[in-house]
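Let me begin by presenting the structure, written as structure tokens, before commenting on it.
Reminder, nothing fancy here: chain letters follow the sequence lines and each chain counts from 1. Just the heavy atoms: all of them, side chains too, but no hydrogens, waters or symmetry mates, feed the values below. The structure presented is a predicted model; accordingly, all values stated were derived computationally and were not measured.
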Amino acid sequence: MSNSIEIVCPAGTLPGLKTAVDAGADTVYVGFRNETNARNFPGLNLDKKELTEGIEYAHAKGTKIYVAINTFAKAGKTEIWKESIQDASELNVDAAIIADIGMLDYCKKNFPKLRKHLSVQASASSFNAINFYSENFDVKRVVLPRVLTINEIEDICKKTSVETEIFAFGGLCVMAEGKCSLSSYITGESPNTKGVCSPASHVRYENYDDKLISKLDQFTINKFENGESAGYPTLCKGRFKANNTIGYLFDEPSSLNIIAMIPRLIKSGVKALKIEGRQRGQAYVSKVVSEFRKAIDQASYDHKNNFSSISEGQQPTTGAFDRLWL
Amino acid sequence: MVIKNKITLGPMLFNWPEKKKLDFYNMIADEANVDIVYIGEVICQKRFACWGKIYDNIVERLTQAGKEVIISSLALINTEEELRIIKEYISNSELTIEANDVSIINIIGDRKYCIGPYINVYNEEALNFYIGKGISHITFSPELPQDSIKTLASLKTTEYEISVFGRIPLAISARCAHARIYNQKKSNCKYVCEKDLNGLKVSTLDSQPFLTINGLQTMSYTYCNMLGEIDYLQKLGIHRFRIYPHDYDMLKIINIYQNVIEKKLSAQEGWLKLSDHMPDVKFSNGFFHDTSGYKMMQSAIPQITE
């Protein structure tokens with residue numbers, strides 16, 4: 001292998017999976033087509049038959065497949081999560097990405113050979129938390145929260161023998177993942193419970209006074225002037241009012257891009273970089289993966305890639321990684 | 001067997017000025033009919049400094065008044081410094097600890113502890129895992145719907161606590177939107193969150209009340225009000241009811257809940273009294289009814305709500 005850091009790339013469909021494999025991903029992660037994963041969007045994700053084919057395709061080319069089973073199983077209805085874990089084990093996936101302590105425990109007791117990764121939704125934000133998951137459930141890798149700074153990531157890598165994976169590109173959660181019920185407060189559905197945030201079924205766009213208004217349920221999330229590009233109304237990325245301030249109070253509608261930090265991250269001992277976006281198109285995946293492949297293989301600072309076309313006209317950011325808010 | 005209902009006072013989530021906090025807890029010690037008081041800083045490491053001088057006094061006063069005191073941990077632990085401070089709080093007393101982040105479970109050791117509402121326990125398997133670890137009780141996440149609460153409570157393997165009054169914690173971040181709105185940086189925030197005793201209101205661009213900012217935390221704009229559900233919860237075997245401190249007449253609010261819990265007032269009567277006391281407030285119980293958390297489902301109190 002020519003590189004020292006693994007690229008973990010999203011796929012929402014079987015063709016998407018193949019595209020990612022062909023583009024040079026070391027690993028592709030997918031979800032089953034049900035509420036067990038945190039991108040439970042209509043028309044997205046794979047059934048068992050598609051995953052079987054996908055695994056065959058990936059493994060033939062030396063690419064690994066992870067399956068995200070990373071929502072929180074509903075009390076009294078945990079069968080669907082358990083079946084998904086069993087399917088993942090039977091299909092010989094390379095790892096299951098799990099957030100729920102109940103499902104980690106189930107997996108450990110019933111499928112000890114299935115490699116377990118800790119989903120970002122488990123909110124393991126300190127080495128103590130990581131050690132807790134490792135000791136209790138034999139978790140081999142942890143996907144670190146996006147709230148951590150580069151210094152904190154380096155510190156965690158030093159203090160734990162558990163592999164670390166960090167978000168490298170795509171959507172940015174400003175709230176601690178797995179501890180956020182903003183979406184269910186407004187829409188009744190959240191990442192933890194239904195695998196969705198600010199779901200499209202609750203989104204409306206209205207034209208009023210020459211302005212485009214985006215709404216979630218009955219609430220105005222943003223207003224756009226004529227010609228201003230209108231982003232999706234993810235509720236923490238809207239414009240609101242408080243005190244005398246009007247604007248993006250929680251988070252700018254920016255996306256995450258840490259490509260410039262790759263050399264430092266390789267040195268830090270981070271094991272894998274995760275590209276967000278199982279809901280994205282194949283062109284996005286293909287482009288982002290090839291750029292990251294290039295950057296890692298050259299461990300180069302030469303990141304003059306134009307990502308603006310794929311981050312929806314939003315400003316790329318290094319997010320919490322450099323603590324812009326401190 | 002008659003199970004005693006317990007009213008618990010949740011941790012102070014807002015950053016009230018020192019004197020106001022002290023007066024409040026003195027009043028709770030002397031006059032409030034609550035069995036258990038959670039104290040400690042749940043939201044922000046920086047606010048530990050604001051508890052410093054008065055913390056021991058408060059614990060002592062509450063304990064002398066016969067209240068059981070439980071220390072609530074931070075809801076989000078990222079840094080070594082945060083862990084260090086919490087370790088110090090744990091080792092300086094023998095009180096029960098409410099774990100709100102799994103980071104601290106390994107450092108609690110043999111101490112008695114319970115699971116707070118910020119640790120995700122959504123199903124039987126997760127609950128059984130923690131019961132195996134020897135927890136004393138669990139406070140449900142506010143997001144849990146009725147079906148899940150019913151399933152978990154039917155296990156009858158531990159004591160269950162549920163929040164019945166107050167703004168609902170919804171999210172927590174490493175960033176401080178509160179400081180930013182007051183044009184301060186988190187590193188030198190001047191504790192501006194102290195100005196907003198019930199949190200800072202966030203409205204939409206169309207001036208609809210939307211959310212509340214409380215330091216690193218985002219809360220509901222509405223106040224959870226489960227007066228209409230208490231009877232049902234008791235039938236499920238839930239007997240611990242959590243009320244969160246806010247800048248209202250908390251003795252009056254505790255009294256209303258106590259009377260409904262003890263069946264001295266009907267839920268409807270309790271509602272009327274609470275609405276009279278807080279006419280400016282919007283109530284909600286949507287999470288429990290498996291719908292948008294901000295909504296107030298009217299089933300329990302059809303003749304009173306709008």
Side-chain angles (χ1 to χ4, degrees), chain A residues 72-76 78 99-103 105-106 122-126 128-129 131-133 135-136 145 147-148 152 155 174-176 178-182 184-188 190 192-193 213 217-223 236 238-243 245-246 249-251 320 323 325-326, chain B residues 75-80 82-83 101-107 118 120-130 141-143 147-148 151-152 168 170-177 180-182 185-187 200-208 210-211 213 218 220 286-287 290-294:
Chain A
F72 292 82
K74 194 169 163 63
T78 56
D100 181 347
I101 276 186
M103 292 305 105
D105 202 38
Y106 172 81
S123 198
S125 49
S126 72
N128 247 33
N131 290 345
F132 168 82
Y133 283 105
E135 284 160 23
N136 286 288
V147 294
L148 297 176
E152 285 163 359
D155 193 47
V174 63
M175 305 301 177
K179 290 191 172 189
C180 180
S181 32
L182 288 172
S184 50
Y185 177 66
I186 298 300
T187 72
S190 73
N192 283 6
T193 58
I213 303 173
D217 194 274
Q218 55 155 297
F219 298 97
T220 298
I221 303 299
N222 214 334
K223 290 186 178 189
C236 61
R239 261 187 286 219
F240 305 109
K241 300 195 283 193
N243 206 17
T245 306
I246 298 179
L249 301 186
F250 300 100
D251 194 16
R323 280 281 202 264
W325 282 55
L326 282 183
Chain B
L76 177 67
I77 296 171
N78 285 331
T79 66
E80 291 268 333
E82 285 159 358
L83 271 174
D101 186 297
V102 298
S103 293
I104 71 158
I105 291 179
N106 282 359
I107 58 175
Y118 301 91
N120 287 330
V121 175
Y122 280 86
N123 51 58
E124 308 86 298
E125 282 79 2
L127 181 58
N128 286 335
F129 170 79
Y130 286 116
S141 152
E143 198 188 30
D147 282 358
S148 299
T151 304
L152 295 177
I168 311 161
L170 296 174
I172 189 144
S173 176
R175 296 180 185 177
C176 189
R180 199 166 89 131
I181 287 163
Y182 284 106
K185 290 196 164 188
K186 186 182 168 194
S187 54
L200 173 61
K201 173 175 154 188
V202 175
S203 304
T204 69
L205 295 179
D206 288 317
S207 300
Q208 305 153 282
F210 186 51
L211 294 165
I213 290 175
T218 307
S220 63
F287 278 135
D290 205 4
T291 184
S292 306
Y294 77 86

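The closest donor-acceptor contact from the side chain of B/Thr204 to the backbone of A/Phe219 lies at 3.5 Å or more, if one exists at all. With hydrogens and angles disregarded, a donor-acceptor distance shorter than 3.5 Å links the side chain of B/Asn120 to the backbone of A/Gly178.
In this structure, B/Ile107 and A/Phe132 have side chains that are not in contact, with every pair of non-hydrogen atoms separated by 4.5 Å or more. At a threshold of 4.5 Å between non-hydrogen side-chain atoms, the residues A/Phe240 and B/Leu211 do not count as touching. Proximity of B/Thr151 to A/Lys74: side-chain heavy atoms (C-beta onward) are nowhere separated by under 4.5 Å.
Both the backbone and the side chain of A/Ser126 come within less than 4.5 Å of a heavy atom in chain B. Residue contact with chain A, scored on non-hydrogen atoms closer than 4.5 Å, involves the backbone and the side chain of B/Asp101 alike. Interface remark: B/Leu205 contributes backbone and side-chain atoms alike to the contact with chain A (heavy atom separation under 4.5 Å). Heavy-atom distances place the side chain of B/Phe287, and not its backbone, under 4.5 Å from chain A. For B/Glu80, the part lying under 4.5 angstrom from a heavy atom of chain A is the side chain only. Neither the backbone nor the side chain of B/Leu127 comes within contact range of chain A; no heavy atoms are under 4.5 Å apart. Interface residue B/Ile172: backbone and side-chain heavy atoms are both found under 4.5 Å from chain A. Of the two parts of B/Ser207, the backbone and the side chain both hold a non-hydrogen atom closer than 4.5 Å to a non-hydrogen atom of chain A. With a 4.5 angstrom heavy-atom cutoff, A/Ile186 touches chain B via backbone and side-chain atoms both.
Between A/Asn243 atom CG and B/Leu200 atom CG the span is 6.0 Å, to the nearest 0.5 Å. Summarising the geometry, atom CG belonging to A/Asn192 is positioned 7.5 Å from atom OG belonging to B/Ser141; distances are rounded to the nearest 0.5 Å. The line from CD1 of A/Ile101 to OH of B/Tyr130 is 3.0 Å long, rounded to the nearest 0.5 Å. Atoms CG and CG, from B/Leu83 and A/Asn128 in turn, are 5.0 Å apart once rounded to the nearest 0.5 Å. Taken from OH in A/Tyr185 to CD1 in B/Ile168, the straight-line distance is 6.0 Å, to the nearest 0.5 Å.
Applying the side-chain contact (heavy atoms from CB on, under 4.5 Å) rule to A/Ala73 yields the partners A/Thr78, A/Trp81, A/Asp100, A/Met103, B/Asn123; only residues at least two apart in sequence or on another chain are considered. With sequence neighbours left out, A/Tyr133 forms a ring pair (Phe, Tyr, Trp, His ring centres under 6.0 Å) with no residue at all.
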Where do A/Asp105 and B/Glu125 land on the side chain to side chain contact (heavy atoms under 4.5 Å, CB included) test, with the steps shown first? CA-CA 7 Å; A/Asp105 202 38; B/Glu125 282 79 2; 5.6 Å; no

Using the side chain to side chain donor-acceptor pair (under 3.5 Å) rule, take B/Asn78 and A/Glu152 through it: C-alpha gap first, then chi angles, then the decisive distance, then the call. CA-CA 8 Å; B/Asn78 285 331; A/Glu152 285 163 359; 5.0 Å; no

Output, in order, the C-alpha distance, side-chain angles, deciding distance and verdict of side chain to side chain contact (heavy atoms under 4.5 Å, CB included) for A/Thr245 and B/Arg180. CA-CA 9 Å; A/Thr245 306; B/Arg180 199 166 89 131; over 6 Å; no

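When A/Gly102, A/Cys180, A/Ala75 are compared by the number of non-hydrogen pairs under 4.5 Å with chain B, A/Ala75 comes out ahead. Note on A/Ala129, A/Gly238, A/Ser181, A/Ser123: by heavy-atom pairs under 4.5 Å with chain B, the leading option is A/Ser181. When each of A/Gly188, A/Ala99, A/Ser184 is scored by its heavy-atom pairs under 4.5 Å with chain B, the top score falls to A/Ser184. Of the residues considered (B/Ser292, B/Ser173, B/Ala126), B/Ser292 shows the highest number of contacts with chain A, using heavy-atom pairs under 4.5 Å. Considering only heavy-atom pairs separated by less than 4.5 Å from chain A, the leading option among B/Thr291, B/Val202, B/Leu152, B/Leu76 is B/Val202. Most heavy-atom pairs under 4.5 Å with chain A: of the set B/Ala75, B/Pro142, B/Ser220, this distinction falls to B/Ser220. For the set A/Asp155, A/Thr187, A/Asn131, the entry with the most heavy-atom pairs within less than 4.5 Å of chain B is A/Thr187. Of all the listed residues (A/Cys236, A/Ala122, A/Ala176), the one sharing the greatest number of non-hydrogen pairs under 4.5 Å with chain B is A/Ala176.
No option in A/Lys241, A/Gln218, A/Lys223 other than A/Lys223 meets the side chain to side chain donor-acceptor pair (under 3.5 Å) test with B/Asp206.
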